Participant: 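Pasting in a structure now, in C-alpha cells, and then I'll have a few things to ask.
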Amino acid sequence: MVKRFDGVHALNGAGLSVRAGEIHALLGENGAGKSTLIKILTGLYSPDSGSLHRHGEEVEFANVRVANHAGVVALYQELSVIPSISVAENILLGEQTPSRGGLVQWRSLRRRARAQLDSINQRIPLGMLAGDLTPVQQTMVAFARALATDARVLILDEPTASLTDTEIKDLFAVLRSLRERGVAIVYVSHRLEEVFELCDRLTIMRNGQTIMTKDVADSHIDEVISTMVGRSTGELYPERGTATTTVALTVTDLHGRRVKDVSFEVHRGEVLGIGGLAGSGRSELLRIISGAQKHVRGEITVGATSLPRSPGVGRALDAGIALVPEERRSQGVILGSSIQDNIALANISSVSSLGLVSGARIADITTRGMHDLHIKARSPRQPVGELSGGNQQKVVLAKMLARNPDVLLMDEPTRGIDVGTKAEIYRLIRQLAAGGTAVVTVSSELPELIGMSDRILIMHEGRISGEMLAAEADEEVLLAYCYGKANEHDDHE
Amino acid sequence: MLLSSGTVLALIALIIFFFAMRPDVFLSFTNVKNILYQVAILAIIAGAQTIVMVVGDFDLSVAATSSLAGAVAASLMLGGMPIPLAILVALAVGLLIGLANGLLIAYVNLSAFVATLATLTSVTGLAFIVTQGTTLFNLPAGFNALGQGKFLEIPLPVFIAIAISLILWFVLKYTTLGRRWYATGGNVEVSRLSGVNVRRARLLAFTIAGLVSAIGGILLTARLGSASAVQGDDNLLFSVAAVFLGMTIVRSGAANIVGTMVGVAIIGVMSNGLNILGVNAYVQQVVTGLIIIAAVTLSSLKTRSR
Amino acid sequence: MLLSSGTVLALIALIIFFFAMRPDVFLSFTNVKNILYQVAILAIIAGAQTIVMVVGDFDLSVAATSSLAGAVAASLMLGGMPIPLAILVALAVGLLIGLANGLLIAYVNLSAFVATLATLTSVTGLAFIVTQGTTLFNLPAGFNALGQGKFLEIPLPVFIAIAISLILWFVLKYTTLGRRWYATGGNVEVSRLSGVNVRRARLLAFTIAGLVSAIGGILLTARLGSASAVQGDDNLLFSVAAVFLGMTIVRSGAANIVGTMVGVAIIGVMSNGLNILGVNAYVQQVVTGLIIIAAVTLSSLKTRSR
Amino acid sequence: GTGGDGDKAFKVIAFTSGNQTPIGAWWVKAVTAKADELGWDLTMIQGDFDFQKMNPAVESAIGQGADVILDGYTDVSSIGSIVTAAKDAGIPIFAVDSGTEANDAFALNITANQQGIVDETLGALDDQLGGLKGKTIMVIGHDPHAGIRMRAGLAADDLAAAGATLAGGAIQKVTSPATGRTEALALVSDFLTANPGGLDGVWVGWDDAALGAAQAVTEAGADAKVTGVDATSEAIGGIEAGGAFLATVEQPWPSILDSVMTAVQAYQKDGTLPSSNFEAVDTTLVDKANAATITPSDKLK
Ligand SMILES: Nc1ncnc2c1ncn2[C@@H]1O[C@H](COP(=O)(O)OP(=O)(O)OP(=O)(O)O)[C@@H](O)[C@H]1O
Ligand SMILES: Nc1ncnc2c1ncn2[C@@H]1O[C@H](COP(=O)(O)OP(=O)(O)OP(=O)(O)O)[C@@H](O)[C@H]1O
Ligand SMILES: [Mg+2]
Ligand SMILES: [Mg+2]
C-alpha cells in the first residue's frame, strides 16, 4: 500500500496479512501509518497504489459500508459515540438497526443491544443518552457497536487507550472468544504488555513501511521496541529524582461534584501520580485545580498564594498551574488550527506585547516545543488534525510546557503514545521535576504510575483511598486501594 | 419531563397572561380556532425545518420554496390545468428544489447555509417570474376550499397540519430513516464510520423538507385564494425560531416535532394575544423579540439546573 | 494560494465575462467607482458579520441594527442635536445592541441564531418606532456629506469601508483579541482550557459587530440622505453570503476579512454587471443564486483535489 | 347584514395590510376617529403585510358578525378568502385603493385614476423635455403593488406611443419595497455609466424609489428629470429644491375616505348600496409651482 497526503508518504510499502482465528498486533511509532492503513482496509481512504485481497480474491472497498458488508469492520482510533441518541441505538447504528418495512423494531433493538453489552460485562442503561456516559462507558458502547456487526475481520485501533484494567480484562475475554469463532482480529496498541498477553502474531511498521511480521511467541519485547523505533532504547522509566521540601501546591478539603474531601500537598521537584478506577474522580480533581471546573468548597494554594474560588483557567495559568487534559481532540487541540497556533494559544501573553502578537516569538516557542518533544510534522503550519494521534498529544504537551508552569497537571498524558515517545515523556517529566516543577499525573496504568512517580495517591469514589511512596509500591496493594478495600480493618461496611 | 420544560412553561405563562387580560375572548372556541388557523401553515413549514435541523443543518429556502410551489400551482390552474394535476406539479417543484439542496449539500459538500441561501435567492427569482411579480388570484373554488373549507367548524388546514405533524413525528421516531437522521445530526463522522449512508440521509432530509414546504405553500395559496412571490416569507425565521424553541424541551437538545409544535404554539399565541390586546404593531414587534428571548432563557435555565 | 482559490477564480471569471460583454463600460473608472460605491456599506456590514463568524457564530441582527442606528442618528439630528453627538448616540445604540446579543449568547448561553433572531425582531420594531414608520429626511448637509462627499473623485464611504476593513484585518491577524476570536471559533472548550476567556471573547465579538453595523447604518443614512426602518435589510443575507464565499479561500475554512471582501466584490460585480447588461431583475435573482452556488462549488472542488 | 336597526351599535370591521406605511397609519387613525364620532362598534385589524396572519383574523371577525367591512389599501388579489367569507355572510366591503379596476368583490372601491396619474406625470416630462419623441425614458416599477404595476404599464405604453424609447428596453423592476430607494439608485447609476448622457427622464411609480433615481441622476451629473407618485414630504422637498426631481402626484386620500364614509353612512341608514362599485378619482400634479401648497401624504391629519 502507498498513500500520500500532500505529497508526504503516510504509507510507502505497507502490507498486512491476517488469518482467520488469530489476533494480529499492528505496532509502530506514532505516525508510522497504522491508522492510515486501517482506514484503507475499511474503505475510508483509497490507496494511491496497492491492492486488497479477501480469501485470495482482489476486492475494492469504495466506502465503509461496502467494507462492512464484506465483513470488515473497524473500531477507529478516537471514534466515539453519538451523544444525542440512546445507548441502544448507538450500539445498533445504521444498517444494524433491526427493522421491518422501514420501521425500527424497538424490542429486538433493545434485546440485541443488551446482549452486546452483556457480552462485555457492561451494565449501562440502554435508554440513556450516550452523551451522558463517562468516557469509559462511551468507549465500551463504541466497542459493543463494533462487536454487533458480526464481523469476520475486526480491526481495533487502540481500543484500550482510555480503559482501565477491569474493562480491559472484559474486552480481552471477548476478543479471545471471537478468535475461537474464527474471527480475524487486527489489534493496534501502544501497550506492549497487552500485545504479549493477547496476540498471536505481530506486524511492525515504521515510516509507512512494514518492517517485519512474526509470531508473538518467537518475539521478545526489547526486540519489538528496537524494531519499532529503529534504534535501541534504554530503560523505559528514568531514575527518580529528589523532591525538595518546598511546597508547590496545597489542596485542602476540596469538594466538587464527585470529588469529596480531598487534601494533599505536592512539593517542588516531586512527581505525584494519581491512580484509581474509571470515574473515581481523578479528572475532576485536576480540572478543579486547573480552574476548568467550579468546586463547592475547599482551598487551593500555589506556593504562598491562595487561589480565589473558581478562578477560571486564565487565573490559574497565571498562578503557574497548567493542565494537560485527558481528551485531546475535544479539550486539548484545535484540530483545524496549525501546530503553531495551538501552541501560541496557551501562551498568548508571552508571545505578545501591547495586545499585538509577534510571529517571531510564536515561531520561536513552536520550534522549541516541536524539537523538545520530537513532534513529527511537515511544518509548524500543518493543521493538528492531520497529525497522528500520538503527535497530537505531543502538541498538547508542548503547548503547556511552553508556559514553564510551577505545577503541571497531566491527565493520562501517555494515552495513545508509542513506547519510544513514552520514554521521552517520562524523561521530560523528570527533567521538569529536576528543574523544580511539581508534576501531578493521572494514569490508569499501574506500572506506569509506579515507574514514573515519586509518590502515589489512589482515589476511590471521589476520595483519596490510599497513599504510597512509589519506590515501595506494590501493584496488588494499589489495586486494592483502587477498589476502596485497603483499610479493611478500620472500615467496617 | 415535558411539563417541566421551560419552553412549555413559557407557553403556559403566555396563555395564562392573555387569558387574564381578556378572559372573555382569549380562550373562546372562536379564538382558539383562530390561533390554530393562523399557525397551521407555519406548523407545516416548521415541520419541514425540523427534519433538516434533525440532521444538523438549516434550510433557509423553506419559505421561498413554499411560495414558489403555491405560485406554480396557481399559475397552472389559471392556465387551465386541472386542480389535482397542478397540485402534483407544484409538489414536484418543491421536491426538486429540496433534491437540489440535498445534492449540493450532501454530495457537493456545500455548507447548508450557503446552498440554501443561494436556492432561496434563485427560487424567489423564479417565483417572481412565475407570478410576473403580481398576485395571482381567481383560483378555482375547489382549490380554495382546501385552505378555506371547514370540517366540524374547524378549518381544513388545521387538520392537514396535524396530519403532517403526526406523520413526521412517526417517521422521526419509529422509522429507520428517522433514526438515521438523528444519528447523522448527532455526529456525522461517527455515523458515517458506522456504516450509515449519511449522504443519502441528508439528501432525503432536504428532499422531504422541500416537499413538505411545497405542501405548506400550496395550502397557503388555497387559504389566501391567491399567490404572490413573497407571501409567507416570515415563515422562514419563525420556523427556525419554533424549532429552536422546541429543541430545548428534550434533554438531548435535538430538534423534535413535539417541541417544534410547542414553539409554533408560542409564536401563534403571542401574535394573536398581542393583537387581541390591541398592541401597536411596532411595539408588538419589539415585544415578540423579548418574549422569544424570555422563553428560550427560561428553557436554558431549566436545562442547566438539571 | 489566494489566486488559486475557486472564489477568486469566480470573481475573475465574472470580471472577464462582463468586460467581454461591455468592454467600453465595465472597467471604466466611473463604473469601477460605481461598484465600489455600491458595495461600500455592504462591505462594512459584512466586516461585522465576519467577526462574529470568526468566533463561530452568526449575527442575524446586523442589518436591523444598522437600520436602527441610522434612524436614531437621523431622528436626533432632526430634533436639533449636533451632528457629532447624534452620531455618537447612534454608535452607542449599535454597541448596546451588540452587547445585548453578546450577553445573551456568551453569558445566558442562548444559541446565536435564536438570540440574534429575537434582537432582529425587536430592533426592527424599535426602528419603526423611531421613524414612526416614515422615512426621515432633510438631514443636515454636513451629515449627508459623509455618505455623498468625494475625495479625489472617490466617494467617502469607499474610503471608510477600506479603513474599517483594514482595521478589522489587522485586529484579526495581529492582535491577541483576534487570536482569541479565532481560537474560540475553532473550539470553545479547547480555548477555555487554554486560558482564553471565551465568554469575554464572544461578548466582545458581538459588541464590536454591533458597533461596526451601526457605522454601516449611519453611512447608509448619510448616503441616501434619509432613514427608514428597513432600508438596509438586504445587507443581512448578502453579508452572510459574502463571508461564506470568503471562507472558502483559506485552507482552514475560517471566516477572514480578505475572503469576505472578495465575496463582497463578487456580489457587487455581479449585480452591477447584470444591471449594465440590462438583465431583468427577477432573472438577476435567479442568476445570483446560481453564481453563488457555482463560486462555492468551484472552491470546494479545488479544496478537495488538494 | 342589512342597514342599522338603530337600537344596536353599527358593527364595523376595518382592516389594512399596509399599516407600516405612513398612509396606512393615517387611514387607521382616520377610520378610528370617524368610528368614534359616529358611535360605531369598530374592530380594527392591522396586517403588517402578512396575509397569513391578517386574513384569518378578519375572517374570524366576520364569523362573529358585522354590518360593514372597511378595507384600506389591500389589493383585492390578496384577500380572496376574506371576500369569500364576506360574501357568504352577506356583508358589503367598502374599500379605499384596493384594486385598479372594477371588481364585484366590493360594494365600493375608490382609488386614484391611474391613467390620470400617468397623463399628468408624462405631461410634466413632455413639457420639461420639449416633447417626448426620440427621448430615452426609464420606467421603474414594482410588480407586487397593483397600482404601481398598472401605472408603470400605462406609462410604458404611452411613452412608446409618444415615440420615446424605453431605457433598457423594458420596465425596470424593483424587487423589494424595503430597499426600493437603493435599488433604484443602483439601476439608474448603472444605466448612466453604461450609457453616459443616454437618459432624458426617469418615470418612477412611487416617490421613495423616485428619490433614489433622482439622487443617481444628480450624482452622475446627468440632466435627466425624474417623476414620482405619492407626494411624500421628501419628494415635495426635492421638487422645491429644483434638482432632478421634476414632479409627483398627489392622490386625494382624505376626500376619497370621506366619499367612502358617506357611502357607508347611506348604507347604514337604509341599506342602499352605491350605484357603481368602482370609482377612480382625479389626482393633482405636484410640481415646483404648487409644491408649497400641497399637504404631503405622510403628514395627513
Ligand atoms: N488526513 C491527513 N492529512 C495529512 N496527513 C495525514 C492525514 N492522516 C494521516 N496523516 C499523516 O500520515 C502519517 C501516518 O499517520 P497515522 O495516523 O496512520 O499514524 P499512526 O501509526 O496511526 O500513529 P498513532 O500511533 O500516533 O495513532 C502521519 O505522519 C500523519 O501526519
Ligand atoms: N456518571 C456520569 N455521568 C456523567 N458524567 C460523568 C459520569 N461519570 C463521570 N463523568 C464525567 O466524566 C469525566 C471523568 O470523570 P472522573 O473525573 O470522575 O473520572 P476519572 O477518575 O478521571 O476516570 P476516567 O477519566 O478514567 O473515566 C468528568 O468530567 C465527569 O464529570
Ligand atoms: Mg493511529
Ligand atoms: Mg479521567
Side-chain angles (χ1 to χ4, degrees), chain A residues 38-39 42-44 61 63-70 72-86 88-106 109 127-132 138 141-142 144-146 148-149 151 155 157 329-330 335 385, chain B residues 1 50 53-57 106-107 109 111 166-205 208 243-244 246-256 259 303-306:
Chain A
I38 287 171
K39 286 175 182 165
T42 53
L44 199 57
F61 297 149
N63 59 41
V64 178
R65 259 169 306 119
V66 176
N68 288 359
H69 279 300
V72 180
V73 174
L75 177 60
Y76 299 93
Q77 189 178 18
E78 324 285 8
L79 174 78
S80 134
V81 292
I82 299 178
S84 56
I85 66 177
S86 69
E89 290 186 83
N90 260 291
I91 293 173
L92 295 161
L93 258 185
E95 292 172 351
Q96 294 302 315
T97 312
S99 67
R100 191 178 300 148
L103 298 187
V104 177
Q105 303 294 106
W106 284 101
L109 174 83
M128 241 171 118
L129 292 182
D132 289 341
Q138 293 185 357
V141 167
R145 173 167 61 223
T149 50
I155 305 172
D157 196 352
R329 289 165 74 90
S330 60
L335 294 167
Chain B
M1 184 203 77
T50 306
M53 288 178 69
V54 162
V55 294
D57 289 314
Y107 290 86
N109 292 326
S111 101
L166 284 176
I167 293 173
L168 292 181
W169 173 80
F170 182 83
V171 168
L172 285 172
K173 193 149 177 123
Y174 292 108
T175 67
T176 50
L177 179 63
R179 300 326 291 180
R180 280 182 199 152
W181 281 341
Y182 271 113
T184 307
N187 188 326
V188 180
E189 197 54 22
V190 175
S191 301
R192 191 164 70 93
L193 295 182
S194 308
V196 175
N197 191 336
V198 293
R199 295 192 148 172
R200 198 171 55 199
R202 292 173 88 192
L203 178 73
L204 278 172
I208 294 180
V243 180
F244 264 113
M247 283 163 72
T248 57
I249 81 164
V250 292
R251 184 159 167 69
S252 63
N256 64 95
T303 317
R304 244 180 306 161
S305 75
R306 258 193 299 235

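Computed from a predicted model, the values in this text were never measured in an experiment. In the text below, chain A, chain B and the rest are named by the order of the sequence lines, each starting its count at 1.
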Participant: The criterion is side-chain hydrogen bond (donor to acceptor under 3.5 Å, both in side chains); which residues satisfy it with Gln105(A), sequence neighbours excluded?
Facilitator: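 For Gln105(A) there are no side-chain hydrogen bond (donor to acceptor under 3.5 Å, both in side chains) partners, ignoring immediate neighbours.
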Participant: Can you see which heavy atom on Ser99(A) is nearest to which on Thr176(B), and at what distance?
Facilitator: CB-CG2, 3.2 Å
Participant: Taking every heavy-atom pair that is under 4.5 Å apart, which of Asn197(B), Leu177(B), Val196(B) has the most such pairs with chain A?
Facilitator: Asn197(B)
Participant: Write down the atom of Arg145(A), the atom of Ser194(B), and the distance for their closest heavy-atom approach.
Facilitator: NE-OG, 3.4 Å
Participant: Looking at every non-hydrogen atom in both residues, tell me the closest pair between Val190(B) and Val81(A) and how far apart they are.
Facilitator: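 Scanning both residues completely, I find the closest heavy atoms to be CG2-O, 4.1 Å.
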Participant: Return the option, out of Thr149(A), Val73(A), Leu93(A), with the maximum number of heavy-atom pairs under 4.5 Å with chain B.
Facilitator: Leu93(A)
Participant: Please report the closest heavy-atom contact between Ser84(A) and Gly186(B), naming both atoms and the distance.
Facilitator: OG-CA, 3.3 Å
Participant: Could you tell me whether the side chain of Phe170(B) reaches within less than 4.5 Å of the side chain of Leu103(A), counting heavy atoms only?
Facilitator: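 Yes - at least one pair of side-chain heavy atoms lies under 4.5 Å apart.
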Participant: With a sphere of 6.0 Å drawn around CZ of Arg65(A), does it hold more than 12 non-hydrogen atoms of other residues, nucleotides or ligands?
Facilitator: yes
Participant: So which heavy atom on Lys173(B) is nearest to which on Trp106(A), and how close?
Facilitator: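 Here Lys173(B) and Trp106(A) meet closest at O-CZ2, 3.4 Å.
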Participant: Which heavy atom of Ser191(B) sits nearest to which heavy atom of Ile82(A), and what is that distance?
Facilitator: OG-CD1, 3.2 Å
Participant: Determine the option with the most heavy-atom pairs under 4.5 angstrom with chain B, choosing from Gln96(A), His69(A), Glu89(A).
Facilitator: Glu89(A)
Participant: So, do Arg199(B) and Asn63(A) sit near enough that their side-chain heavy atoms are less than 4.5 Å apart?
Facilitator: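 No, too far: nothing below the 4.5 Å cut-off.
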Participant: What part of Leu44(A) lies closer than 4.5 angstrom to a heavy atom of chain B: side chain, backbone, both or neither?
Facilitator: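 Only the side chain of Leu44(A) comes within 4.5 Å of chain B.
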Participant: Measure distances from Val104(A) to the heavy atoms of chain B and classify the residue's part below 4.5 Å as side chain, backbone, both or neither.
Facilitator: both
